[in-house]
Number of protein chains: 2
Amino acid sequence: MGTTKETIKKAAINLFYKKSYFATAMSNIALDSNIRKASIYHHYASKEDILFDILMTTMSALDAYIDNCLKGVENIENRMRAAVRAHVKFHCDNQKEVLISDTELRGLTAKNYKAFVALRDAYEKKFQDMIARGIDQGYFAAGDVKVISYAILTMCTAVANWFKPDGRLSGDQISTIYEELVVTRLLKESLPIHSLKTPVVRE
Amino acid sequence: MGTTKETIKKAAINLFYKKSYFATAMSNIALDSNIRKASIYHHYASKEDILFDILMTTMSALDAYIDNCLKGVENIENRMRAAVRAHVKFHCDNQKEVLISDTELRGLTAKNYKAFVALRDAYEKKFQDMIARGIDQGYFAAGDVKVISYAILTMCTAVANWFKPDGRLSGDQISTIYEELVVTRLLKESLPIHSLKTPVVRE
DNA sequence: GTCTATAGCGAGATAGAC
DNA sequence: GTCTATCTCGCTATAGAC
């Protein structure tokens, strides 16, 4: 079962996901954790502190997961493939946490908000750098890097909105479809530079 | 300025957007509307009633807007282009309302939730039908229609998350970029059937 | 480290005068 | 149609015993 703090955190994740942060009362969290609400304050300074803990550990875990999946992958197209796969997979496997990270930032006070957004911006920059490098090297079609990165990241992130653990498609299957949609279709030059002189007709 | 009811609604939109639905108090709405909070209950039965009004009118307006933009457009590729343009433009022009529609559904009781989701599902089905038709007719590359529709709709919807009215790109410019990203890159067969026998090499 | 009890406050909603 | 006054409730957080 883990420590009491972990129990509280898990209960909070479920409730923030189901009812939203503001609609969740400390008494709700206490009930689901099988303790009295006053006991929560031994582990967390405030309700916001619980939210902040969830947001930061989720964002850090995502960042570490992607880094690990990219380790040793050199070719820029393959890096992008691995990154999209990892991002989508993480959003299927940690659906509740990432949805909270997406919708409950308004529950943070200024200082905590800045700390979280700094992590998120650094994460997004990794994708923007990959896209820019891919364009430079002629692997990806030219375009507005910022907009393309937003398009890709938001569509991959939104998988958490509709993914159903017991649905038709598994997280791995969806990752594969998205890898293809994003890299093969959305990003890649349909006619790579080095193949421009190679006829596609084989008659 | 409009009617008092419109003033209340506009104030609620701003507050729900900025602070979230649950964090917004009736007294906040009253203050921004220059009336006492008791007076709000003459126009709306409850706080949820205000949210429901915002959600339904926004969804209906989006649906009507897309229908209007597709009127008379026959070719399926052009229909899809018009639909993407319209969806993105609407999400830039009605940023606050659509963000509320995206994140505050948990504030609705079961009956109202079902009414809203029915509208949204019907709207999404229009895109799924267009995609399926485009694939059938050989204009779009084959693929999982549901997943492709989610990918497209979520990336276009998420524009409301990062669009800045006074930013580098206007709503029209973003609509153009997205039309291109979605239809030319993501959806279209990179090598249309009828061009398969036409060499791309011009030496 | 968990408990009972409660302080202190603000919420949504209503009553009834004008 | 808007107001003042208030009801009733549940919230976050704290105090202090065990």
Side-chain angles (χ1 to χ4, degrees), chain A residues 1-56 100 103-113 115-116, chain B residues 1-56 100 103-113 115-116:
Chain A
M1 194 74 208
T3 66
T4 304
K5 189 168 182 174
E6 284 165 353
T7 304
I8 293 168
K9 189 172 172 178
K10 209 162 280 188
I13 289 170
N14 284 317
L15 288 162
F16 291 171
Y17 166 72
K18 192 159 53 175
K19 296 161 57 102
S20 93
Y21 171 68
F22 286 110
T24 299
M26 291 298 257
S27 57
N28 300 143
I29 300 173
L31 194 71
D32 287 8
S33 308
N34 281 313
I35 51 170
R36 302 308 136 230
K37 65 176 174 174
S39 307
I40 296 176
Y41 291 90
H42 177 77
H43 305 277
Y44 287 103
S46 65
K47 189 178 155 187
E48 186 193 339
D49 199 29
I50 304 177
L51 176 64
F52 187 59
D53 184 21
I54 294 169
L55 296 179
M56 292 302 270
I100 295 167
T103 56
E104 303 293 5
L105 298 193
R106 289 168 298 188
L108 296 178
T109 44
K111 191 188 154 199
N112 286 340
Y113 179 81
F116 176 81
Chain B
M1 193 78 206
T3 66
T4 304
K5 189 167 181 175
E6 284 166 353
T7 305
I8 294 168
K9 189 171 172 179
K10 210 163 277 185
I13 289 170
N14 284 318
L15 287 163
F16 291 171
Y17 167 70
K18 193 160 54 179
K19 296 160 59 101
S20 92
Y21 171 68
F22 286 109
T24 298
M26 291 298 259
S27 57
N28 301 142
I29 301 173
L31 195 71
D32 287 8
S33 308
N34 281 310
I35 50 170
R36 300 312 133 226
K37 67 173 174 175
S39 308
I40 296 177
Y41 291 90
H42 177 75
H43 304 278
Y44 287 102
S46 66
K47 189 179 158 187
E48 186 194 339
D49 198 30
I50 304 177
L51 176 64
F52 187 58
D53 184 21
I54 294 169
L55 295 179
M56 292 301 270
I100 296 168
T103 56
E104 302 293 7
L105 297 193
R106 289 168 299 187
L108 296 178
T109 43
K111 191 189 154 201
N112 286 340
Y113 179 81
F116 177 81

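Chain letters run A, B, ... following the sequence lines, proteins first and then strands; every chain starts at 1.
From A:Ile50, atom CD1 reaches atom CG of A:Leu55 across 12.0 Å, with rounding to the nearest 0.5 Å. A distance of 10.5 Å separates CG in B:Asp49 from CD1 in B:Ile54, rounded to the nearest 0.5 Å.
In terms of modelled atom types and a separation under 3.5 Å, the side chain of B:Asn112 and the main chain of B:Leu108 share no donor-acceptor contact.
Rounded to a whole Å, the OH atom of B:Tyr44 is 17 Å from the C1' atom of C:dG12. Across the protein-nucleic acid pair, A:Ile50 atom CD1 and D:dA13 atom C1' stand 12 Å apart, rounded to whole Å. The CD1-C1' distance, from A:Ile29 to D:dG10, rounds to 15 Å in whole Å. Between B:Lys47 atom NZ and C:dG10 atom P there is a gap of 15 Å when expressed in whole angstrom units. In this entry the distance linking CG of A:Leu31 with P of D:dC11 reads 11 Å, nearest Å.
Among all heavy-atom pairs drawn from B:Thr7 and B:Gly2, the shortest one is OG1-O, 4.5 Å.
Every residue two or more places apart in sequence or in another chain that forms a side chain to side chain contact (heavy atoms under 4.5 Å, CB included) with A:Ala115 is listed here: A:Phe52, A:Met56. Taking the salt bridge (Lys or Arg N to Asp or Glu O under 4.0 Å) definition, one finds that B:Lys9 meets it with B:Asp53, sequence neighbours left out.
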Throw together a table of side-chain donor-acceptor distances under 3.5 angstrom for residues 14-27 of chain A, partners on residues two or more places apart or in other chains.
| unit_1 | atom_1 | unit_2 | atom_2 | d |
| --- | --- | --- | --- | --- |
| A:Asn14 | OD1 | A:Lys96 | NZ | 2.5 |
| A:Asn14 | ND2 | A:Lys10 | O | 3.3 |
| A:Ser20 | OG | A:Ala23 | N | 3.3 |
| A:Tyr21 | OH | A:Glu48 | N | 3.1 |
| A:Thr24 | OG1 | A:Leu15 | O | 3.3 |
| A:Thr24 | OG1 | A:Ser20 | O | 2.7 |

Donor-acceptor contacts, no H, no angles, side chain residues 31-43 of chain A, under 3.5 Å, sequence neighbours left out:
| unit_1 | atom_1 | unit_2 | atom_2 | d |
| --- | --- | --- | --- | --- |
| A:Ser33 | OG | A:Ile29 | O | 2.7 |
| A:Ser39 | OG | A:Arg36 | O | 3.4 |

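For the contact set between residues 15-28 of chain B and DNA chain C, defined by any heavy atom under 4.0 Å, the members are B:Thr24, B:Ala25, B:Met26, B:Ser27.
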Every protein N/O within reach of nucleotides 1-3 of chain C N/O, cut-off under 3.5 Å:
| unit_1 | atom_1 | unit_2 | atom_2 | d |
| --- | --- | --- | --- | --- |
| C:dT2 | OP1 | A:Thr4 | OG1 | 3.1 |
| C:dT2 | OP2 | A:His43 | NE2 | 2.7 |
| C:dC3 | OP2 | A:Arg36 | N | 2.6 |
| C:dC3 | OP2 | A:Ser39 | OG | 2.8 |

